[in-house]
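What follows is a single structure, written as structure tokens, with notes after it.
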Amino acid sequence: MNLSAHRRALVVAGAALVGLLAGAVPAATAEDAVAAAPDIPVANVKQHLTDLQSIASANGGNRAHGRTGYRASLDFVKAKLDAAGYTTTVQQFTSSGATGYNLIADWPGGDPNQVVMAGSHLDSVTSGPGINDNGSGSAAILETALAVARTGYQPAKHLRFGWWGAEELGLVGSKYYVNNLPAAERAKISGYLNFDMIGSPNPGYFVYDDDPAIEKTFKDHFAGLGVPTEIETEGDGRSDHASFKNAGIPVGGLFTGASRTKTSAQVQKWGGTATAFDRCYHSSCDTTANISDTALDRNSDAIAHAVWTLTGTTTPPTGTVFENTADVSIPDNGAAVTSSVNVTGITGNAPSSLPVAVNIVHTYIGDLQVQLVAPDGTAYTLKAYGTGGSADNINTTYTVNASSEAANGTWLLRVQDNAAIDTGYINSFRLTFP
Ligand code: TRP
Ligand code: ZN
Ligand code: CA
């Protein structure tokens with residue numbers, strides 16, 4: 001660990017220095033052990049494909065946007081996630097005059113400011129049931145999500161899965177999701193992993209060449225299996241990761257090939273034949289018969305490996321920390337109180353996204369107005385009175401655009417309780433400068 005990056009300047013108003021140092025929070029270390037990912041049972045993934053095939057067969061032979069087979073596919077996946085303890089959200093949009101749906105599933109817990117997402121498009125084309133494209137990715141991330149629940153995995157980062165609608169109409173669902181995320185929520189996504197076609201019957205093993213850390217995580221897994229990989233080149237930007245990449249989010253993913261022909265060099269490497277990776281791409285024969293079990297198995301395990309590895313530790317904070325951990329009691333329905341930190345040694349202005357970590361113990365946070373006050377007296381409201389309802393406690397890192405403020409000087413956390421009965425205290429207040 002780089003100690004200079006973890007320099008902790010504890011600055012106190014008053015004499016409680018000893019107690020304050022004792023209360024200092026140890027920084028997370030990059031060396032924290034990561035739990036090993038479980039083996040994903042390919043039989044379970046295949047059962048999901050069989051179920052998606054049945055859904056297509058019962059709905060005119062496809063699971064396309066705007067058709068009944070799409071909504072049935074979504075309801076099928078959602079029911080399994082709900083039963084496993086996920087918090088699911090169905091997001092609705094309109095495309096080509098039909099209602100489309102994304103399914104978002106959050107696994108409760110983990111650092112809400114560091115979110116890892118895995119996603120797959122759940123729609124097929126109208127010409128077939130879409131079992132490799134993209135029942136394969138949809139079923140593999142579903143089984144990974146269920147494995148998280150089965151093993152009681154508690155990731156350090158927050159874990160979220162997405163099943164996108166209308167990918168086949170031009171990445172419509174994933175674009176809608178990303179474009180409707182508030183900028184602050186977008187900034188919390190530390191990585192997006194995309195799985196579109198991972199069981200091609202004449203497979204190649206392609207890894208997206210985008211974020212280097214994500215790419216390495218996948219390559220390490222295949223290296224451990226002794227399976228060679230290549231960089232994905234069959235149309236970068238042709239799947240939902242492009243929606244995230246365009247918003248500046250680090251992305252990665254896996255792919256086993258679509259209509260392109262496997263070269264003889266690739267046949268040497270991976271076996272199979274010098275024909276299309278998926279001869280049934282976008283056609284009616286993309287059924288459960290159009291799957292390589294080996295590719296599906298290897299890629300499902302690779303997904304679990306990446307999900308476990310990338311969520312297992314939080315990224316250690318960098319920068320210079322100024323913190324006050326002295327408790328300040330907040331008088332009931334009374335005057336504002338403050339906790340202060342004295343920032344020194346920082347050149348120029350504060351950053352445009354200044355993390356302000358606030359920890360307040362209180363029995364009814366709706367009573368509280370919480371503000372950050374810059375050295376020149378400018379107040380930034382972090383939480384308005386009357387918001388947050390009857391919940392207990394605030395333990396949140398707010399992001400403040402403080403770029404018009406000089407960094408050095410005394411910064412205050414100002415808290416006022418505006419309603420009778422419930423009370424509490426400021427537990428800690430922390431600013432982190434880059
Ligand atoms: N997204 C394409 C589809 O659904 C398939 C595809 C083509 C693809 N090239 C790709 C997927 C590259 C991932 C990466 O029809
Ligand atoms: Zn696809
Ligand atoms: Ca009160």
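Position 1 is the first residue of the sequence; numbering continues from there. Just the heavy atoms: all of them, side chains too, but no hydrogens, waters or symmetry mates, feed the values below.
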Side-chain ([X]) to main-chain ([Y]) donor-acceptor, under 3.5 angstrom:
| X | Y | result |
| --- | --- | --- |
| Trp411 | Asn342 | no |
| Ser190 | Val115 | yes |
| Asp332 | Ile330 | no |
| Trp270 | Val227 | no |
| Asp422 | His362 | no |

Task: ring-ring contact (aromatic ring centres under 6.0 Å, His included) between Phe206 and Phe277, intermediate numbers included - done: CA-CA 11 Å; Phe206 297 102; Phe277 292 102; 5.4 Å; yes
- [ ] Hey, could you give me each pair passing salt bridge (charged side-chain N to carboxylate O under 4.0 Å, His left out) that has a residue in residues 78-90? Not counting sequence neighbours.
- [x]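 Pairs touching residues 78-90 that pass the test: Lys78-Asp82.
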Are the side chains of [Y] and [X] in contact, using a 4.5 Å heavy-atom criterion?
| X | Y | answer |
| --- | --- | --- |
| Thr99 | His65 | no |
| Asn299 | Phe222 | yes |
| Val358 | Ile360 | yes |
| Val251 | Asn194 | no |
| Leu372 | Tyr398 | no |
| Ile104 | Phe161 | no |
| Asn418 | Asp367 | no |

Task: Where Gly165 and Asn102 come nearest, the two heavy atoms and their spacing - done: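 Reported closest heavy-atom pair: N-OD1, 3.0 Å.
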TODO: Could you tell me which non-hydrogen atom of Asn393 sits nearest to which non-hydrogen atom of Val361, and how far apart they are?
DONE: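 Here Asn393 and Val361 meet closest at OD1-CA, 3.4 Å.
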- [ ] Could you pull out all residues at least two apart from Phe255 that satisfy ring pair (Phe, Tyr, Trp, His ring centres under 6.0 Å)?
- [x]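 Partners of Phe255 by the ring pair (Phe, Tyr, Trp, His ring centres under 6.0 Å) criterion come out as none, since no residue qualifies.
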Task: Those residues that, when tested against Trp164, pass ring pair (Phe, Tyr, Trp, His ring centres under 6.0 Å) (two or more places apart) - done: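 Applying ring pair (Phe, Tyr, Trp, His ring centres under 6.0 Å) to Trp164 gives Tyr177, Phe244.
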TODO: For the pair Thr68 and Asn59, evaluate side-chain hydrogen bond (donor to acceptor under 3.5 Å, both in side chains) and give the outcome as yes or no after the intermediate values.
DONE: CA-CA 6 Å; Thr68 53; Asn59 289 278; 2.8 Å; yes
Could you tell me if [Y] and [X] have a donor-acceptor pair between their side chains, going purely by distance under 3.5 Å?
| X | Y | result |
| --- | --- | --- |
| His282 | Asp133 | yes |
| Thr87 | Asp106 | no |
| Glu143 | His48 | yes |
| Ser200 | Thr256 | yes |
| Asp278 | Asn290 | yes |
| Asn401 | Ser352 | no |
| Thr338 | Arg414 | no |
| Asp196 | His121 | yes |
| Gln371 | Thr381 | yes |
| Asn408 | Thr344 | no |

Open item on the list: Among Val45, Asn44, Asp51, exactly one meets side-chain contact (heavy atoms from CB on, under 4.5 Å) together with Gln47. Which residue is that?
Closed with: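 One option only clears the test, and that one is Asp51.
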Task: Pair Tyr208 + His241: ring centers closer than 6.0 Å - done: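 Yes: the rings meet the under 6.0 Å criterion.
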TODO: Examine Tyr101 together with Tyr176 and report whether their ring centres are nearer than 6.0 Å.
DONE: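 For Tyr101 and Tyr176, the ring centres are not under 6.0 Å apart.
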Task: Stepwise salt bridge (charged side-chain N to carboxylate O under 4.0 Å, His left out) test for Asp111 and Lys157 - done: CA-CA 5 Å; Asp111 182 350; Lys157 291 185 185 170; over 6 Å; no
Task: Lys/Arg-Asp/Glu bridge criterion (N-O < 4.0 Å) met for Asp123, Arg63 - done: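 Answer for the salt bridge query: no.
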Open item on the list: Please determine whether a side-chain nitrogen of the Lys or Arg among Lys175 and Glu167 lies less than 4.0 Å from a carboxylate oxygen of the Asp or Glu.
Closed with: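 Salt bridge between Lys175 and Glu167, a charged N being under 4.0 Å from a carboxylate O: no.
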Task: CA sep, side-chain torsions, deciding dist, call: Lys46, Asp293, salt bridge (charged side-chain N to carboxylate O under 4.0 Å, His left out) - done: CA-CA 8 Å; Lys46 289 191 72 182; Asp293 291 0; 2.8 Å; yes
TODO: Output the distance between atom OG (Ser136) and atom CD1 (Ile141), rounded to the nearest 0.5 Å.
DONE: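 One finds 10.5 Å between OG of Ser136 and CD1 of Ile141.
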- [ ] Mind checking the CD1-OG1 spacing from Ile426 to Thr325? Nearest 0.5 Å is all I need.
- [x]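 Reported to 0.5 Å precision, the distance equals 12.0 Å.
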